[in-house]
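Notes follow once the structure below has been shown.
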Amino acid sequence: MTMEYVKEIPSKAEAFSDWYTAVCLRAELADYSPVRGMMVIRPYGYAIWESMRDELDRYIKRTGHSNVYFPLFVPRSLLEKEAEHVEGFNPQVAWVTHAGGEELAEWLAIRPTSEAIIAEVVKGWIQSYRDLPLLMNLWNNVVRWELRTRLFLRTAEFLWQEAHTFHATEQEAADEVALGLEGYRSVAEDWLAIPVIRGRKSRAETFPGAVYTDAVEAMMRDRRALQAGTSHMLGQNFARSAGIEFLDRDNLRKNPYGTSWGFSTRMVGATIMAHGDDAGLVLPPNVAPHQVVVVPIFRDDEGRAAVAGAIERLEGAFAGVQTASGPLRWKVDWREESPGFKYNHWELRGVPYRLEIGPRDVAAGQAVLVRRSDRAKEALPLDALAAELPGHLAAYQAGLFQRALDFRAANTHHVDTYADFKHVLDEDGGFLMAPWCGGDECEKEINADTGATIRLVPFDSPDEAGTCLVDGRPSERRVLFARAY
RNA sequence: CGGGGUGUGGCGCAGCCUGGUAGCGCGCCUGGUUUGGGACCAGGAGGCCGGCGGUUCAAAUCCGCCCGCCCCGACCA
């Protein structure tokens, strides 16, 4: 229905994957680079990342963590200390073998994540229970060699945050894992307007070297699942292999309990895929680099002057306006292009509201506010805009969240038999809530058979006796299956 | 790594079969007219046709080898 306006990108329904790539490129979020599998994040895309990054950074600091930095390289011997960890990451590690014109005595891994090197260093910082908890966070880049890459979603290098904490007790560490996950839930839901389901990963999906992994999972508009953040209970695994010990209150030497949790630039891709439509991006106001773009319309110099005068008065009125994500971010598009061109230009870029001001509007003392998500138009008095916009933006943000929630509800299915499971997955896709016995073999078979994986054992789903899809053994509750990114 | 496709101005493509030294659309630059859903006219810039070798008087075009990229099959934030 909106197709008639769109010339630059493929239809979302017909070719979601092509649509996604076209949006990333045409909206100038990202570009390919001379290095295969590694992307360039352009100003508009980086601004979106900065917004979610800053919001998460505030949460991390508010909850007592400090930002730190650790090296890009991890000596091979360190990476190999934790057995499961090496095994899990080895295929994805890029190695530096030469430097200074010579072959290195010991290879250096380009960090795929920093657990190993952090554990090695902090063992010199932790002597006593008084040194705990140790709450650190890194904003950095990591490299994981990927075979098939997609802009933002899976690239050989990505930007992220990795928190690393050490605690005296298992309970404290468990609380920390939950704290990290709550940060991701809140950024996803409150900032990106993407509803998530919280839960625990199956054994097969657990981080290499972790005791358990919790995650938040979101549904994209092609009904596939995307992991929006993971929080790991490392137990004493890394502490033990690195030899970190502290003297506790009871005068016994113990290994501290560790956690780590991460959130990456993949969430820029999630934001695109959770809200976008056939005209391009649809950005939640909290992350939109421009929340409102003014398109001036005029026929002649006289009209132009009238419109320019009205816009100048808006500048004064908008100066102090606050939104949920800080001062109102708005701009005027004075380029020498036709209004229609500008409408399409800013719709492609997902700007929440467009404000059209023409001579007729100025004469009537109003402007036409057009909402990106459904192109709903509303004429508002010029002198009411400053007061009205924050409310409009907040309502729009809430509306996008609700729309995504409704979409997820409409595409979540409860199935009880394997036949139904396959049928629904092929017909509709989406989230499938189904009984599972907990066995690795059954999980593996379903994946090999259908391409779906267990995304989570959700925290919020009720206990419900059932029988496993595959082997018919008893199941205590439904788990979330989906095809995933 | 196995199967399929493709490489020609910034982007998308035609030309190749039937050899004769390159064309279209978009974009870009200049000037003018325009501006309420992707404006129009005129002029202009821009290409060792993926690379190397061969056939030929002559190769984007025919032949051989190599390289890159895209899609599909085993892993992942």
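Letters A, B, ... are given to chains in the order of the sequence lines, protein chains preceding strands, and every chain is numbered from 1.
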At a cut-off of 3.5 Å, list every protein nitrogen or oxygen paired with a nitrogen or oxygen from nucleotides 39-46 of chain B, distance to 0.1 Å.
from  : atom 1 : to       : atom 2 : distance (Å)
B:A39 : OP1    : A:Ser338 : OG     : 3.3
B:A39 : OP2    : A:Ser338 : OG     : 2.3

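- A distance of about 47 Å separates the C1' atoms of B:G4 and B:C41, rounded to the whole Å.
- Across all strands, A:Val142 comes closer than 4.0 Å to no nucleic acid atom at all (heavy-atom distances).
- Between the side chains of A:Thr259 and A:Thr165, at least one donor N or O lies within less than 3.5 Å of an accepting N or O.
- Here the separation of B:G51 from B:A42, taken at their P atoms, is 35 Å to the nearest Å.
- Judged by distance alone, with hydrogens and angles left aside, A:Glu347 brings no side-chain donor or acceptor close enough to the base of B:G38 to form a pair under 3.5 Å.
- Taking 3.5 Å as the limit, the base of B:G36 and the side chain of A:Arg299 contain no donor-acceptor pair of atoms between them.
- Using a 30° and 60° split on the angle between ring planes, A:Phe421 and A:Phe481 fall in the perpendicular class, above 60°.
- Note: CZ (A:Arg375) to P (B:G38) measures 12 Å, nearest angstrom.
- Remark: the A:Tyr20 side chain and the A:Asp222 side chain contain no N/O donor-acceptor pair separated by less than 3.5 Å.
- Under the Watson-Crick and G-U wobble criteria, each requiring two contacts below 3.5 Å, nucleotide B:C65 is paired to B:G51.
- An anti base is found at B:U6: its glycosidic angle is more than 90° from 0.
- A donor-acceptor pair under 3.5 Å is absent between the side-chain atoms of A:Arg26 and the main chain of A:Gly280, judged by distance alone.
- Between A:His65 and A:Trp261, the ring-plane angle classifies as perpendicular under the 30° and 60° cut-offs.
- Remark: B:G25 base-pairs with B:C11. Criterion, Watson-Crick or G-U wobble with two distances under 3.5 Å.
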Distances under 3.5 Å only, N/O to N/O: pair up the protein atoms with those of nucleotides 75-77 of chain B.
from  : atom 1 : to       : atom 2 : distance (Å)
B:C76 : O2     : A:Arg154 : NE     : 2.7
B:C76 : N3     : A:Arg154 : NE     : 3.1
B:C76 : N3     : A:Arg154 : NH2    : 3.2
B:A77 : O3'    : A:Gln227 : NE2    : 2.0
B:A77 : N6     : A:Thr155 : N      : 3.0
B:A77 : N6     : A:Thr155 : O      : 2.9
B:A77 : N3     : A:Ser264 : OG     : 3.0

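- Side chain of A:Gln291 to main chain of A:Arg329: a donor-acceptor pair is present (N/O by atom type, distance under 3.5 Å, no hydrogens or angles).
- Counting heavy atoms of neighbouring residues, nucleotides and ligands inside a 6.0 Å radius, atom CG of A:Asp301 does not exceed 12 of them.
- Counting any heavy atom pair closer than 4.0 Å across all strands shown, A:Pro359 reaches a base atom.
- Put simply, CZ on A:Arg371 and OH on A:Tyr353 are 5.0 Å apart, with the number rounded to the nearest 0.5 Å.
- Atom CZ of A:Phe263 and atom CD of A:Gln227 lie 12.0 Å apart (nearest 0.5 Å).
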Indicate for each nucleotide in nucleotides 1-8 of chain B, in 5' to 3' sequence, whether protein heavy atoms under 4.0 Å reach the base (B), only the sugar-phosphate (S), or nothing (-). --------
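- Looking at A:Arg349 and A:Glu28, a side-chain N of the basic residue comes within less than 4.0 Å of a carboxylate O on the acidic one, giving a salt bridge.
- Comparing B:A59 with B:C1, their P atoms are spaced 34 Å from each other, to the whole Å.
- Atom CZ of A:Arg26 is separated from atom P of B:G10 by 16 Å (rounded to the nearest Å).
- Between the side chains of A:Asn137 and A:Asp57, no donor-acceptor pair of N or O atoms lies under 3.5 Å.
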